[in-house]
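To start, the structure under review is shown below, and the notes come after it.
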Amino acid sequence: DQQVKQNSPSLSVQEGRISILNCDYTNSMFDYFLWYKKYPAEGPTFLISISSIKDKNEDGRFTVFLNKSAKHLSLHIVPSQPGDSAVYFCAASDSQQGSEKLVFGKGTKLTVNP
Amino acid sequence: GAGVSQSPSNKVTEKGKDVELRCDPISGHTALYWYRQSLGQGLEFLIYFQGNSAPDKSGLPSDRFSAERTGGSVSTLTIQRTQQEDSAVYLCASSVERSTEAFFGQGTRLTVV
């Protein structure tokens with residue numbers, strides 16, 4: 001039972017345009033959300049996070065939006081660059097649970113074309 | 001160390017053999033996670049260690065899987081009597097206490113033939 005869902009396995013955008021990666025979750029107890037980026041043959045690297053007390057967090061070209069009522073978050077990358085091509089994983093955790101394990105989605109492979 | 005270190009980076013083993021995968025977390029990180037990524041799948045949680053608390057083993061897929069963390073630092077994931085479906089990349093991550101920004105190692109690619 002997937003608690004964190006990334007329904008698009010892949011996304012292709014042109015360099016300079018906006019990339020929007022989506023993530024849905026089912027567990028209403030999740031209160032902290034993260035995006036990780038993964039290049040082939042490397043471990044995932046942390047990109048950006050958001051707490052459930054916010055609805056937006058911005059870091060340079062990366063912005064994460066959280067819609068708690070819809071249990072939906074999205075990652076916006078603008079402008080997209082070829083170096084952003086990677087697999088992006090959405091993750092969530094319940095900080096009140098006592099075990100703060102991160103639950104990951106299956107990932108979305110982003111390709112930014114020059 | 002500078003980052004999370006995992007060894008070996010690649011392991012090919014025969015079905016039925018036991019394997020041990022090692023993880024050296026970032027110094028000072030009290031939380032340690034094991035995940036695995038099978039082909040075409042997301043990151044599947046296996047086990048989580050936090051300080052001296054009892055580990056969360058809820059993600060271990062069978063009793064062939066076990067993990068320990070000695071001295072609050074190095075962790076070993078052991079898979080007994082490996083099966084072909086155990087083939088995956090096994091990822092270790094660590095974080096500071098009560099932080100959910102986990103730092104990952106490069107993973108161990110396990111192939112069971």
Side-chain angles (χ1 to χ4, degrees), chain A residues 1-10 21-27 29-53 57 59 62 64 86-109, chain B residues 1-10 21 23-26 29-60 67 88-109:
Chain A
D1 181 29
Q2 281 272 304
Q3 294 189 69
V4 177
K5 299 176 184 178
Q6 293 178 256
N7 292 319
S8 297
S10 64
L21 298 105
N22 293 304
C23 178
D24 297 288
Y25 60 95
T26 59
N27 187 344
M29 299 302 293
F30 286 148
D31 57 2
Y32 194 69
F33 305 89
L34 307 90
W35 284 93
Y36 279 80
K37 178 166 112 173
K38 185 180 185 299
Y39 293 117
E42 295 184 11
T45 55
F46 171 76
L47 194 56
I48 193 169
S49 63
I50 188 167
S51 164
S52 61
I53 63 174
N57 189 26
D59 183 3
F62 303 90
V64 56
V87 177
Y88 289 79
F89 290 98
C90 171
S93 72
D94 170 9
S95 66
Q96 303 302 313
Q97 188 184 348
S99 174
E100 296 168 338
K101 60 176 180 279
L102 296 173
V103 180
F104 284 84
K106 290 189 175 184
T108 296
K109 182 177 182 180
Chain B
V4 177
S5 177
Q6 291 187 246
S7 61
S9 54
N10 280 285
L21 311 180
C23 173
D24 282 277
I26 293 172
H29 282 192
T30 57
L32 187 147
Y33 307 76
W34 282 97
Y35 288 85
R36 74 175 176 182
Q37 185 179 18
S38 303
L39 190 63
Q41 300 297 312
L43 297 173
E44 177 188 2
F45 168 77
L46 297 177
I47 189 169
Y48 168 62
F49 296 90
Q50 173 58 285
N52 295 321
S53 303
D56 178 348
K57 303 180 181 180
S58 59
L60 294 178
V89 176
Y90 289 81
L91 290 156
C92 176
S94 70
S95 67
V96 298
E97 185 174 3
R98 305 204 71 80
S99 164
T100 50
E101 180 186 332
F103 295 83
F104 282 83
Q106 289 188 314
T108 294
R109 180 175 294 278

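Sequence lines set the chain letters: A, B, ... in the order given, protein chains first and strands last, and positions in each chain run from 1. No hydrogens, no waters, no symmetry mates; every other heavy atom, side chains included, goes into these values. Just so it is clear, the model here is predicted, and its values are computed rather than measured.
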Pick one of side chain, backbone, both or neither for [X], based on which atoms fall under 4.5 Å of a heavy atom in chain A.
{"X": "Ser53(B)", "answer": "neither"}
{"X": "Leu91(B)", "answer": "side chain"}
{"X": "Gln6(B)", "answer": "neither"}

If I take atom CZ from residue Phe104(B) and atom CZ from residue Phe89(A), how far apart are they, to the nearest 0.5 angstrom?
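Those atoms lie 9.0 Å apart.
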
Can you check whether Phe104(A) reaches Phe45(B) side chain to side chain, under 4.5 Å on heavy atoms?
no

List, one per line, each side-chain donor-acceptor pair under 3.5 Å for residues 37-48 of chain A, sequence neighbours excluded.
residue	atom	partner	partner atom	Å
Lys37(A)	NZ	Tyr39(A)	OH	2.9
Lys38(A)	NZ	Glu42(A)	O	3.1
Tyr39(A)	OH	Gly83(A)	O	2.7
Thr45(A)	OG1	Lys37(A)	O	3.2

On a heavy-atom basis, which atom in Lys101(A) and which in Asp56(B) lie closest, and how many Å separate them?
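That would be NZ-OD2, 3.1 Å.
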
So which heavy atom on Tyr33(B) is nearest to which on Leu102(A), and how close?
CE2-N, 4.1 Å

Can you list every pair that meets salt bridge (charged side-chain N to carboxylate O under 4.0 Å, His left out) and has a residue in residues 30-47 of chain B, with sequence neighbours left out?
Arg36(B)-Glu44(B)

Kindly say whether Ala102(B) contributes a backbone atom to a donor-acceptor pair with the side chain of Tyr36(A) at under 3.5 angstrom?
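Indeed, once roles are kept as given, a pair shorter than 3.5 Å links the two residues.
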
